[in-house]
Amino acid sequence: MNILQINSSVRGASSESKRVANNVVAKLQAANPGARVTVRDLGANPHPVLDEAALGALFTPAEQRSAEQAARVALDDALIAEVQAADVVVIGAPMYNFGMPIQLKAWFDAIARAGVTFRYTETGPEGLLKNKKVYVATARGGIYPADADPQVPHIRMLLNFLGMSDSTFIYSAGLAMGPEAAAKGQAEADAAVAALA
Ligand SMILES: Cc1cc2nc3c(=O)[nH]c(=O)nc-3n(C[C@H](O)[C@H](O)[C@H](O)COP(=O)(O)O)c2cc1C
């Protein structure tokens with residue numbers, strides 16, 4: 001089993017999304033001895049955001065790219081290869097300003113490549129990153145009802161679009177609502193991890 005862990009908090013050891021994602025990975029490893037784990041920490045090592053130069057590089061045929069353009073595309077290629085090779089993807093996703101961190105959005109921007117990870121067919125888009133299990137550990141200061149969660153639907157839509165439709169979300173919520181609420185939120189996340197099959 002190949003496990004890919006994507007961390008996107010800008011915090012180090014104090015990150016709650018990373019703590020929960022680590023626990024998911026530990027549980028998977030315990031159930032699958034010999035599983036290989038690749039960790040990409042987008043907070044510590046951010047992937048470059050899309051800009052005009054990056055788009056220009058992507059839309060230039062490979063054989064016509066400058067060395068600089070080839071190097072830029074290679075950065076995205078590495079992320080795509082990692083996710084293609086993964087059987088399980090574990091994402092740590094803090095909520096920043098009601099959405100995902102820009103670091104995680106930059107990851108999605110890098111791996112969403114037409115003809116490689118998705119394609120358009122006569123019946124609509126088709127995700128090509130198939131047969132993967134995804135866990136998303138979300139951490140947030142507040143508490144959002146499922147029908148008014150500003151972050152999760154966007155992440156789920158991206159995962160589904162790319163073919164990763166088997167996703168489980170784990171919530172660590174209420175972290176900025178006082179020590180009792182924070183402890184409850186963390187305990188609920190821990191219970192959700194413990195209950196994973
Ligand atoms: C820049 C920033 C923006 C945040 N925006 C929100 C927000 O919009 N809603 C919310 O509920 N919590 C928000 N929080 C609280 C974080 O979601 C919370 O601290 C969470 O633990 C962050 O994940 P991490 O511990 O993995 O870094 C924000 C925190 C930071 C640092």
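None of these values were measured; they are calculated from a predicted model. Just follow the structure's listing: the first ligand is 1, and inside any ligand the first atom is 1.
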How far is [atom] from its nearest protein heavy atom, and which residue and atom name does that atom have?
atom: atom 21 (O) of ligand 1; result: L175 CD1, 3.3 Å
atom: atom 17 (O) of ligand 1; result: M95 O, 2.7 Å
atom: atom 5 (N) of ligand 1; result: N97 N, 2.8 Å
atom: atom 19 (O) of ligand 1; result: R11 NH2, 4.3 Å
atom: atom 23 (O) of ligand 1; result: P94 CB, 3.1 Å
atom: atom 15 (C) of ligand 1; result: G141 N, 3.6 Å

Ligand 1 atoms in contact with [X] (distance to a heavy atom under 4.0 Å):
X: A139; answer: 17 (O), 20 (C), 21 (O), 23 (O)
X: S9; answer: 24 (P), 26 (O), 27 (O)
X: E16; answer: 24 (P), 25 (O), 26 (O)
X: G142; answer: 10 (C), 11 (O)

Nearest non-hydrogen partners of M177 and I143, listed with the distance: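 That closest heavy-atom pairing would be SD-CG1, 3.8 Å.
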
Distance under 6.0 Å and angle within 45° of ring axis: R156 vs F169: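 Ring-cation test returns yes.
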
Geometric N/O contact K18 with ligand 1, under 3.5 angstrom: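 Among all N and O atoms of K18, none is under 3.5 Å from an N or O of ligand 1.
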
Intermediate values then yes/no, ring-ring contact (aromatic ring centres under 6.0 Å, His included), F118 and Y120: CA-CA 7 Å; F118 70 92; Y120 286 105; 5.7 Å; yes

N/O donor-acceptor pair under 3.5 Å between S8 side chain and G92 backbone: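 Answer holds: yes.
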
N/O donor-acceptor pair under 3.5 Å between Q69 side chain and A62 backbone: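 Judged by distance alone, no pair lies under 3.5 Å.
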
Polar side chain donor-acceptor pair, D41 to Q5, under 3.5 angstrom: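 No - no donor-acceptor pair under 3.5 Å links their side chains.
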
Side-chain donor-acceptor contact under 3.5 Å, S172 with Q186: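 The answer is no; no qualifying pair exists.
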
Residues E68, R72: salt bridge by 4.0 Å N-O rule: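 Here E68 does not pair with R72 in a salt bridge, since their nearest N and O are not under 4.0 Å apart.
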
From the candidates Y96, F98, Y144, the one that places a heavy atom nearest atom 1 (C) of ligand 1: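 Selected option, by shortest heavy-atom distance: Y96.
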
